[in-house]
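The structure under discussion is supplied below as structure tokens; questions concerning it will follow.
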Amino acid sequence: MRRLLLTMLLLVMSQAAAMVPEDILTMKTASVVGLSPDGRYLLYTINQWNHDKGKNLSTAYRRDLDTGKDLTVFTPEDKSWGAVWRPDGEAVAYLRQVDDGVEVWLMAGDGANRRRLSDGVGDFGGLNWSPDGQALAWIAQDLVGENAPGEEDRFVVADGLGYRHLGQGYRRGNRGQLFVMKVADGRPRRLFNEPLDVRNLFWSPDSDRLVFEAKEEANLGLTVDTELWVIDADGENLRRLTNNPGQDAKPRWLPDGRVAWLRSEDPIWESAPMRVAIMDPKTGDTGSLEFHGTDFDNWIMNITHDGDDLYLLGANRGCIDLVRIEGDSHQLITDGRHDLWSVQIAGGRAVFSGAGQTNPGSIFLVDLRTRKAFPRQPKLLIDPNERWRQKVGLTQPEAFSIEVDGRTIEGWFFKPQGLQPGEKVPTVLSIHGGPEWMYGGYFLPEFHILPTYHYGVIIANPTGSMGYGYAFQEDIRGDWVERPARELFACVDLAIEQGWAEPGHLAVMGGSYGGHLAAAITTQTNRFGAAAVDRMYPELISFWGTTDEKWFPEWEFMGKPWEPKAREVYLKNSPFEKVDQVTTPTLISQGHQDFRCLAAGGQIWFSALQSLGVPSRFVRFENEGHGIRNPENQVSYQELLLEWFERHLLDGTLIEDPENHE
């Protein structure tokens, strides 16, 4: 059981509400499922952890956006998901779990008249209607070739680097393949058996063909190179459309018969600049190409369209926003306060699944028909945590910026409620992953839990972060541990200069790249009294050998680790090279199913610290990959974190933890 200082307990008890680890279990998220073609009806889910089932359970609703009325469509007992509107807006296809597998079903838009469409169970992925409503297409994992190497639960045989991947595990010869089912007969048909790993698909306006993104077998694990292909809906005339060393991704067939997609040109830079390209599928990219969004100087997550209008979801100063593009110009539609993870547009409405620094997951709306100026704050349409937030109480962040070596660094302070002028508190520096990622638009529980226990939290976007232009982002290459560390030290110094951060009681933490940099910082200074590093790999040469995506370290560290110049960069950025300088007590956590940063990375750091006599603890979550997702594991981690910081950061008489909310 955690124990806390008496003064901390009194402060917590004096607050109307404050988040504690167990509150994670009652937190909900909302997700957009589908918007009807006329933009009136929204299908969405509310998701919440269920302890007895040991998983998140979802309830699906249909919201009438004109009246605001909700209709329950699926309960968890229905075991149904993946609803997608038929193009005429009159019916919805969905997936349903039955005793011996998964089936495709159809229902009316109001949930009535449910019937099975497929002629039996099958391996179904996300469903995509043909524009004429006569067929469904999807991507599912299936065996490519004759025999799967190895034997499940006994041994794995690998003849290429695509044998495993984060989130998919050991693939045993399976690759993403393309399937089509005609509504009339309900029989799924695999369109080809080729050494291609299919990622995204889109129907042609006449319903005769499909365009899809795929990675060739030889590139799996080695490069980001994906290409676009086209095939007839009956499986004939498979043809490659693009020939480009970088990504050709997320195609969309436009109403005028052309294909729009996202293109980058670097084969190993996964966050490389992208443009929207448009081509005639008759000629592919050997013909004339039209480019859009060329002046949008930030990472692009996705592309969509509404008639002739093209839109992006892209990074903007720590957030993900909707952007309208045309030619070499762009217009921000939303105002940079959220991470908008997905968007659907119809009938002049844009609906988003998203989050914010004080919002774990909601649905937002922007009316594109009104004349109100853009960018604008999206309307909070569905907030499943409205009562939860009132009960729990969250910490409002304070934005700041600071100049470091001629560069503006933006960040946020999360301070304990009721902090008095001149009062100093223990303070935790939290570092985001990536390094090409960003803080600013999404929710992390520790930013609100730590202030409950009277810690301050500092987060910032140092060099390498997204949303500040590609020059800012690209400067991380070859320098993971020096310039970013100086910038973050300056953020900590600012908090100390403001008089609220206690310089003698500082901690540093981070996950993935953030964990790597946090570990590196403990080799550079002993100013931090405690550290917590999650899913990191401190020795970069072996990281190259064990990670599932080789292109990532090869771009970051300028080559393969046996190449002399690159080897120097790997070693310079490896905290393990200076591990003998560490004196900071460190909590190390890893996911056992993480193929991006193997648990061996944490074990390497733990072994070294133990050998050096540095207080350290290693935690391995058996059912986690790259990040702690399971809510009960999140609670355990937050409790371990509080205990670690208390033990190594705080002084004084210890007492029992405050009670959780009733």
Side-chain angles (χ1 to χ4, degrees), residues 1-4 8-9 12-13 15 17-30 46-58 355 357-361 384-385 387-395 414 416 428 430 433 442-455 457 507 509-512 514-515 530-535 586-594 599 602 617-650 654-662:
M1 174 69 72
R2 299 187 315 276
R3 298 176 298 168
L4 297 169
M8 292 174 63
L9 174 59
V12 171
M13 293 176 63
Q15 298 175 16
M19 188 174 180
V20 296
E22 291 80 4
D23 289 322
I24 293 172
L25 299 177
T26 54
M27 192 168 64
K28 302 176 184 178
T29 59
I46 301 295
N47 316 294
Q48 185 175 5
W49 179 254
N50 183 284
H51 172 74
D52 293 336
K53 299 287 186 180
K55 62 181 180 179
N56 281 306
L57 298 183
S58 296
Q357 290 181 321
T358 59
N359 187 327
N385 293 300
R387 293 182 180 177
W388 179 86
R389 289 193 293 176
Q390 291 171 355
K391 181 186 73 169
V392 169
L394 300 176
T395 304
F414 291 76
V428 181
S430 176
Y442 69 101
F443 181 91
L444 281 178
E446 55 262 36
F447 298 168
H448 305 276
I449 293 172
L450 285 168
T452 297
Y453 296 91
H454 220 56
Y455 294 91
V457 179
M509 65 180 294
S512 194
V533 297
D534 180 50
R535 64 193 189 279
T586 304
L587 175 68
I588 304 157
S589 53
Q590 298 279 162
H592 189 46
Q593 300 175 24
D594 188 352
R617 172 178 282 182
F618 178 72
V619 181
R620 190 178 75 182
F621 291 96
E622 300 299 294
N623 60 344
E624 296 288 3
H626 194 66
I628 305 171
R629 315 296 182 194
N630 179 296
E632 292 185 353
N633 290 344
Q634 290 182 20
V635 171
S636 296
Y637 176 74
Q638 297 294 331
E639 292 175 342
L640 288 165
L641 186 70
L642 288 167
E643 180 186 353
W644 192 256
F645 286 167
E646 176 203 347
R647 182 187 305 174
H648 296 287
L649 206 61
L650 303 181
L654 303 174
I655 64 163
E656 290 299 310
D657 180 12
E659 294 295 324
N660 188 22
H661 308 294
E662 296 297 331

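Everything numeric in this text was worked out from a predicted model, so none of it was measured.
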Partners of His648 by ring-ring contact (aromatic ring centres under 6.0 Å, His included), sequence neighbours excluded?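 Residues passing ring-ring contact (aromatic ring centres under 6.0 Å, His included) with His648: Trp644.
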Non-hydrogen side-chain atoms of Asn633 and Glu624 separated by less than 4.5 Å: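 Yes, their side chains come closer than 4.5 Å.
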Do the non-hydrogen side-chain atoms of Phe443 and Thr358 ever get within less than 4.5 Å of each other?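 A side-chain contact is absent here, since even the closest heavy-atom pair is not under 4.5 Å.
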Over all atoms of both residues, closest heavy-atom pair of Glu622 and Gln593: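 Closest approach of Glu622 to Gln593: O-NE2, 3.2 Å.
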For residues Asn385 and Gly361, report the shortest heavy-atom separation together with the two atoms involved.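 Scanning both residues completely, I find the closest heavy atoms to be ND2-O, 4.2 Å.
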Exam field: side chain His448 to backbone Thr395, donor-acceptor pair closer than 3.5 Å: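 Looks like yes, one N/O pair under 3.5 Å.
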Would you call Asn630 and Trp49 a side-chain contact if the rule is heavy atoms closer than 4.5 Å?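 Counting from C-beta outward, Asn630 and Trp49 do come under 4.5 Å.
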Partners passing salt bridge (charged side-chain N to carboxylate O under 4.0 Å, His left out) against Arg387 (at least two apart in sequence or in another chain):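 Per chain and number, Arg387 pairs via salt bridge (charged side-chain N to carboxylate O under 4.0 Å, His left out) with no residue.
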Less than 4.5 Å apart, any side-chain heavy atom of Met27 and any of Trp388?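 Yes; the side chains approach each other to less than 4.5 Å.
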Quick one, Met19 and Leu394 - any side-chain contact, counting heavy atoms below 4.5 Å?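 Of all side-chain heavy-atom pairs linking Leu394 with Met19, at least one is under 4.5 Å.
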Any chance you could lay out the side-chain contact (heavy atoms from CB on, under 4.5 Å) test for Val635 and Leu25, step after step, and finish with the verdict? CA-CA 8 Å; Val635 171; Leu25 299 177; 3.8 Å; yes
Is any side-chain heavy atom of Leu587 closer than 4.5 Å to a side-chain heavy atom of Val619?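 Side-chain contact under 4.5 Å: yes.
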So which heavy atom on Leu642 is nearest to which on Pro21, and how close?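 Residues Leu642 and Pro21, closest heavy atoms: CD1-CG, 3.9 Å.
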Where do Gln590 and Gly602 come nearest, in terms of heavy atoms and distance?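 Taking every non-hydrogen atom into account, OE1-N, 3.2 Å.
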Results of ring-ring contact (aromatic ring centres under 6.0 Å, His included) for Phe447 - residues two or more places apart only: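 Partners of Phe447 under the ring-ring contact (aromatic ring centres under 6.0 Å, His included) test: Phe414, Tyr439.
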Could you check whether any side-chain heavy atom of Val20 comes within less than 4.5 Å of a side-chain heavy atom of Ile449, counting everything from C-beta outward?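 No; the side chains remain at least 4.5 Å from each other.
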Identify the two heavy atoms, one from Pro360 and one from Thr29, that lie closest to each other, and give their separation to 0.1 Å.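 It is O-CG2, 4.0 Å.
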Over all atoms of both residues, closest heavy-atom pair of Pro445 and Gln638: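 Between these two residues, the closest heavy atoms are CB-NE2, 4.2 Å.
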Is any side-chain heavy atom of Leu640 less than 4.5 Å from a side-chain heavy atom of Arg617?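 Yes, close enough: below the 4.5 Å cut-off.
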Treating Gln48 as the side-chain partner and Leu57 as the backbone partner, does any N or O pair qualify as donor plus acceptor under 3.5 Å?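 Looks like no, no N/O pair under 3.5 Å.
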